[in-house]
Amino acid sequence: MADRLRPPVRRRPNRLPAYDYARAGAYFVTVCTRDRQQLFWCGSDAVAAHSVRQPWQGPSPEIHLAPLPAGTALSAAGRAAVDAIGEIPKRYPMVTVDVCAVMPNHVHLLLQIHGGEDGRTLCAPTISRVVKQWKEAVTKKLHSPVWQRSFHDRVIRDEAEYRLVGEYILTNPARWRQDCFHPSALSAKENTS
């Protein structure tokens, strides 16, 4: 009864106010699984229980996928996430996925929205629309919702930051045990709260 009387928790807005997220530029996006479920790797570091009906053909050649640690492979759910990433530029020709990393319980994307000849975007989607469509595609393939609400993003401001973020994404799988989304880090954070 007391829980029903409590005011709902208000989420802080996590987008820049008045920023046009359809504007040409680079964006660092992180999407987490619901309850930080480890769904996307199998092998020495994680186990997944989802299955995909079609045999996997491998990542699209246009996608620069970060290498996984030795002894680890993408689960069926991880392959579904990569397949859906490969569909982003097909669905949105003005958007490229420059680098991505599929981690056990989250995915990093370095997306770019490209401008036309005059630098303006014509009919470019917002980053929110791209991520929403991608999450829906993965959910449809897995026949089960797997994502947390919303996502984290960062607008990349210059070439140096772009290179730094790209390097972070590419090396993130090798640093999984030190990652802030690793179960040991999450449980330590809960114990100090």
Side-chain angles (χ1 to χ4, degrees), residues 9-16 21 26-52 56 59 63-86 88 97-112 127-128 130-142 144-156 161-193:
V9 175
R10 291 186 154 269
R11 295 174 63 106
R12 287 186 312 151
N14 57 350
R15 305 285 172 267
L16 292 173
Y21 281 88
Y27 301 86
F28 174 33
V29 174
T30 301
V31 185
C32 296
T33 58
R34 184 174 32 200
D35 300 324
R36 304 292 196 270
Q37 299 172 75
Q38 294 187 56
L39 303 175
F40 299 132
W41 287 5
C42 54
S44 63
D45 268 317
V47 178
H50 285 76
S51 63
V52 178
W56 196 51
I63 304 299
H64 193 167
L65 181 64
L68 298 179
T72 304
L74 289 175
S75 67
R79 294 190 304 268
V82 171
D83 288 346
I85 290 167
I88 291 171
V97 182
D98 293 347
V99 181
C100 66
V102 177
M103 302 296 289
N105 59 7
H106 63 285
V107 175
H108 294 301
L109 304 167
L110 182 52
L111 301 173
Q112 273 203 70
I127 289 300
S128 291
V130 171
V131 172
K132 178 181 184 291
Q133 177 276 322
W134 172 73
K135 287 167 68 172
E136 287 172 350
V138 175
T139 297
K140 186 175 180 181
K141 273 191 172 187
L142 298 178
S144 174
V146 297
W147 303 111
Q148 78 170 16
R149 184 175 159 204
S150 196
F151 60 94
H152 307 280
D153 72 86
R154 178 170 175 79
V155 177
I156 305 298
E161 185 177 6
Y162 177 88
R163 284 193 305 275
L164 191 67
V165 167
E167 182 67 22
Y168 171 81
I169 292 172
L170 287 172
T171 59
N172 199 235
R175 294 179 283 107
W176 166 235
R177 293 187 185 276
Q178 294 80 40
D179 194 282
C180 66
F181 294 123
H182 189 277
S184 63
L186 293 171
S187 63
K189 188 187 252 185
E190 289 172 3
N191 291 338
T192 59
S193 301

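We count residues from 1, following the sequence as given.
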Review point. By side-chain hydrogen bond (donor to acceptor under 3.5 Å, both in side chains), which residues pair with Lys140, not counting sequence neighbours?
Key: none
Check your understanding: Between Pro67 and Leu170, which heavy-atom pair has the shortest distance, and what is it?
Key -> CD-O, 3.9 Å
**Study point:** Nearest-0.5 Å distance that lies between atom CD in Gln112 and atom CD1 in Ile127
**Key:** 10.0 Å
Revision key, fill the gap. Value for OG (Ser75) from CD (Gln38), rounded to nearest 0.5 Å, stands at 10.5 Å
Check your understanding: Is the shortest heavy-atom distance from the side chain of Pro104 to the side chain of Phe181 under 4.5 Å?
Key -> no
Review point. Are any of the side-chain heavy atoms of Met103 and Trp41 separated by less than 4.5 Å?
Key: yes
Review point. Less than 4.5 Å apart, any side-chain heavy atom of Val31 and any of Trp134?
Key: yes
**Study point:** Gap separating the OG1 atom of Thr30 from the CZ atom of Phe151, nearest 0.5 angstrom
**Key:** 10.0 Å
Review point. How close do Leu68 and Ala73 get, heavy atom to heavy atom, and via which atoms?
Key: CD1-C, 3.6 Å
**Study point:** NZ/NE/NH1/NH2 to OD/OE distance under 4.0 Å, Lys132 and Glu136
**Key:** yes
Review point. Any side-chain heavy-atom pair from Phe28 and Leu164 closer than 4.5 angstrom?
Key: no
Check your understanding: What is the distance from atom SG of Cys100 to atom CD1 of Ile169, rounded to the nearest 0.5 Å?
Key -> 8.0 Å
Exercise for review: State, with a plain yes or no, whether a side-chain heavy atom of Leu110 is found less than 4.5 Å away from one of Ile156.
Suggested key: yes
Point to revise | Tyr27 side chain near Val155 side chain, heavy-atom distance below 4.5 Å | key: yes
Point to revise | Heavy-atom pair with the smallest gap, counting every atom of Arg34 and Pro145 | key: NH2-O, 2.8 Å
Revision key, fill the gap. Rounded to the nearest 0.5 Å, the NE2 atom of His108 sits from the CG atom of Asp179 at a distance of 5.5 Å
Check your understanding: Which pair of non-hydrogen atoms, one from Lys135 and one from Ser150, has the smallest distance, and what is that distance?
Key -> NZ-O, 3.0 Å
Review point. Would you call Ile85 and Leu65 a side-chain contact if the rule is heavy atoms closer than 4.5 Å?
Key: no
Practice item. Go through the structure and list residues passing salt bridge (Lys or Arg N to Asp or Glu O under 4.0 Å) with Arg154, not counting sequence neighbours. Key: Glu161
Practice item. For the pair Trp176 and His182, name the ring-plane relationship: parallel under 30°, tilted 30 to 60°, perpendicular over 60°. Key: tilted
Review point. Side-chain contact, heavy-atom cut-off 4.5 Å: Arg36 with Gln148?
Key: yes
Review point. From Asp98 CG over to Leu111 CG, what is the distance, rounded to the nearest 0.5 angstrom?
Key: 8.0 Å
Study note, to complete from the structure: In terms of heavy-atom contacts, Pro173 and Pro69 come closest through O-CG, 3.3 Å
